[in-house]
Amino acid sequence: MKRDFLSLADLSPEQAWTLLERAVSLKQEWREGGSPTRLAGRTLAMVFQKPSLRTRVSFEMAMRHEGGHALYIGPDEIQLGKRESVPDVARVLSRYVDAIMARVFAHEDVVQLARYASVPVINGLSDYSHPCQGLADVLTVYEKLGRLQGARLAYLGDGNNVLHSLLFAGALFGMHIVASTPEGYEPLPEVVRRAGEIAQTTGATITMVRDPQRAVGGAEVVYTDTWTSMGQEAEAHIRRQVFTAYQVNEALLAHALPDAGVMHCLPAHRGEEITDEVADGPNSWLFDQAENRLHAQKAVLVDLLER
Ligand code: CP
Ligand code: NVA
């Protein structure tokens, strides 16, 4: 039976820990200059409906490091669901490649790809979730704090795909996550409910706090993401006004624990959700976090594809 990687909520806490530990060991191996061949002869198709820097390059390099390779398929090429139906794209790609990673608008498209593909499908970001990011995020917190259980992370900003995966990740790993969004921009209730269910099994807590200053109180990590996700560009102007109080800047960080780490999945809109002084400051984890996409995804690829 082929397996997919669509949402962190599909994993048990034990499976999530196994993936995380594998990411840690693959990173160590990479640092020591190893030349592994676990994915020799394997090919990943990378289907993009949206732009990307990190996802595109880190998946390609992860395959390459393990002796395999990746094919980039940009938004104008297969025109998922327009030139050809999603099921037909899944069926055809399955005849050529060993796995598919897809970045889509509608989450249902990546679910359909998985349903009709005979090879594993990885969610490389949908409007609903960004599980590869969530795994890289917990890897980063784990490295920086030396633990995840009980780690206190505050997320400020939009209740979007990145927050959804962070809630699932925090729940799986026993973290205390406080999410602070403006009214009308909360994470989906079903995500909060499901994360809450997982949290009950791991000792995690998921809390919603409207006031951003109160939300970061006691936080060891402060996380933000763009106020305007890909596909929402028409709302950018109004969102800049709605989210102003949620900017991660030095004044806000003064309410967190001293030396609280700062995270952002990137790309950052400097001067909007995060200031330059924070993004480039001594407690910024942004680029270690970006690097960890490579190691986290390699763990996913090896898990799904190793013979
Ligand atoms: N964080 C992230 O997924 O970045 P890209 O959009 O550049 O892939
Ligand atoms: N929430 C952002 C994440 C980008 C990596 C978006 O969907 O555009």
Side-chain angles (χ1 to χ4, degrees), residues 5-8 23 44-63 70-75 80 100-110 122-141 155-169 179-182 185-188 191 223-236 238-240 242-243 246-248 262-270 272-274 279 284-301:
F5 186 75
L6 300 186
S7 170
L8 291 172
L44 174 74
M46 307 190 298
V47 176
F48 283 92
Q49 285 188 322
K50 300 173 178 174
S52 170
L53 165 59
R54 280 143 291 273
T55 305
R56 188 249 157 104
V57 179
S58 58
F59 264 106
E60 183 157 347
M61 294 313 295
M63 287 300 293
L71 284 177
Y72 171 74
I73 305 171
L80 196 65
I100 301 165
M101 184 277 289
R103 166 166 287 192
V104 299
F105 286 97
H107 186 68
E108 182 54 27
D109 283 350
V110 75
I122 299 169
N123 176 3
L125 179 146
S126 68
D127 286 358
Y128 173 71
S129 68
H130 197 0
C132 299
Q133 185 67 54
L135 192 62
D137 295 343
V138 285
L139 173 61
T140 308
V141 176
Y155 174 96
L156 299 188
D158 191 18
N160 61 17
N161 45 9
V162 167
L163 176 59
H164 289 168
S165 290
L166 193 61
L167 292 176
F168 291 141
S180 186
T181 69
Y185 295 87
E186 294 87 356
L188 288 175
V191 171
Y223 195 125
T224 191
D225 181 21
T226 183
W227 295 336
T228 303
S229 286
M230 291 179 275
Q232 299 172 331
E233 288 76 9
E235 299 171 25
I238 177 86
R239 284 172 169 266
R240 272 195 285 273
V242 171
F243 285 93
Y246 292 80
Q247 183 186 67
V248 175
V262 175
M263 298 181 72
H264 189 312
C265 66
L266 301 176
H269 303 79
R270 289 159 174 264
E272 293 187 24
E273 73 275 4
I274 193 164
S284 168
W285 297 352
L286 270 51
F287 300 102
D288 293 325
Q289 182 185 358
E291 179 190 321
N292 279 339
R293 293 292 303 279
L294 174 66
H295 311 298
Q297 285 155 203
K298 209 189 281 178
V300 172
L301 290 165

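As the structure lists them, so they are numbered: ligands from 1, and atoms in each ligand from 1. All values derive from a computational prediction rather than experimental measurement.
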Could you go through ligand 2 and list every pair where one of its N or O atoms sits under 3.5 Å from a protein N or O, giving the atom names and the distance to one decimal?
residue  : atom  : partner : partner atom : Å
ligand 2 : 1 (N) : Asn160  : ND2          : 3.4
ligand 2 : 1 (N) : Asn161  : OD1          : 2.9
ligand 2 : 1 (N) : Asp225  : OD2          : 2.7
ligand 2 : 1 (N) : Ser229  : OG           : 2.7
ligand 2 : 7 (O) : Asn161  : ND2          : 2.8
ligand 2 : 7 (O) : Ser229  : OG           : 3.4
ligand 2 : 8 (O) : Met230  : N            : 2.8

### Query
Have Tyr223 and Gln289 got a donor and an acceptor in their side chains that come within less than 3.5 Å?
yes

### Taking atom 7 (O) of ligand 1 as the reference point, the nearest protein heavy atom with its distance
Leu53 N, 2.6 Å

### Message
Is His130 close enough to touch ligand 1? Criterion: a residue heavy atom under 4.0 Å from a ligand atom.
### Response
yes

### Query
Is the NZ or CZ atom of Arg56 both under 6.0 Å from the centre of the six-membered ring of Phe48 and within 45° of that ring's axis?
no

### Closest contact, heavy atoms only, Asn161 versus Asp127
CB-O, 3.7 Å

### Query
Can you tell me the protein heavy atom closest to atom 6 (O) of ligand 1 and the distance?
Arg103 NH1, 2.7 Å

### Query
Do the ring planes of Trp227 and Phe243 sit parallel (below 30°), tilted (30 to 60°) or perpendicular (above 60°)?
parallel

### Task
Using distance alone, determine whether Met230 and ligand 1 share an N or O pair under 3.5 Å.
no

### Query
Taking heavy atoms and a distance under 4.0 Å, where does Leu125 meet ligand 1: side chain, backbone, both or neither?
neither

### Task
Please report which non-hydrogen protein atom sits nearest to atom 4 (O) of ligand 1, along with the residue it belongs to and the distance in Å to one decimal place.
Arg54 NE, 2.8 Å

### Query
Are any of the side-chain heavy atoms of Thr55 and Leu125 separated by less than 4.5 Å?
no

#### Entry: Pro267, any N or O under 3.5 Å of ligand 1 N or O
no

### Task
State, with a plain yes or no, whether a side-chain heavy atom of Cys132 is found less than 4.5 Å away from one of Gln297.
yes

### Query
When the aromatic ring centroids of Tyr128 and His164 are compared, is their separation below 6.0 Å?
yes

### Phe59 vs Leu301 side-chain heavy atoms within contact, under 4.5 Å
yes

### Message
Exactly one of Arg103, Glu60, Met63 should register a side-chain contact (heavy atoms from CB on, under 4.5 Å) with Met46. Which one does?
### Response
Glu60

### Query
Just heavy atoms, cut-off under 4.0 Å: does Arg293 contact ligand 1 by side chain, backbone, both, or neither?
side chain

### Query
With side chains defined as the heavy atoms from C-beta onward, is the minimum distance between Ser180 and Tyr155 less than 4.5 Å?
no

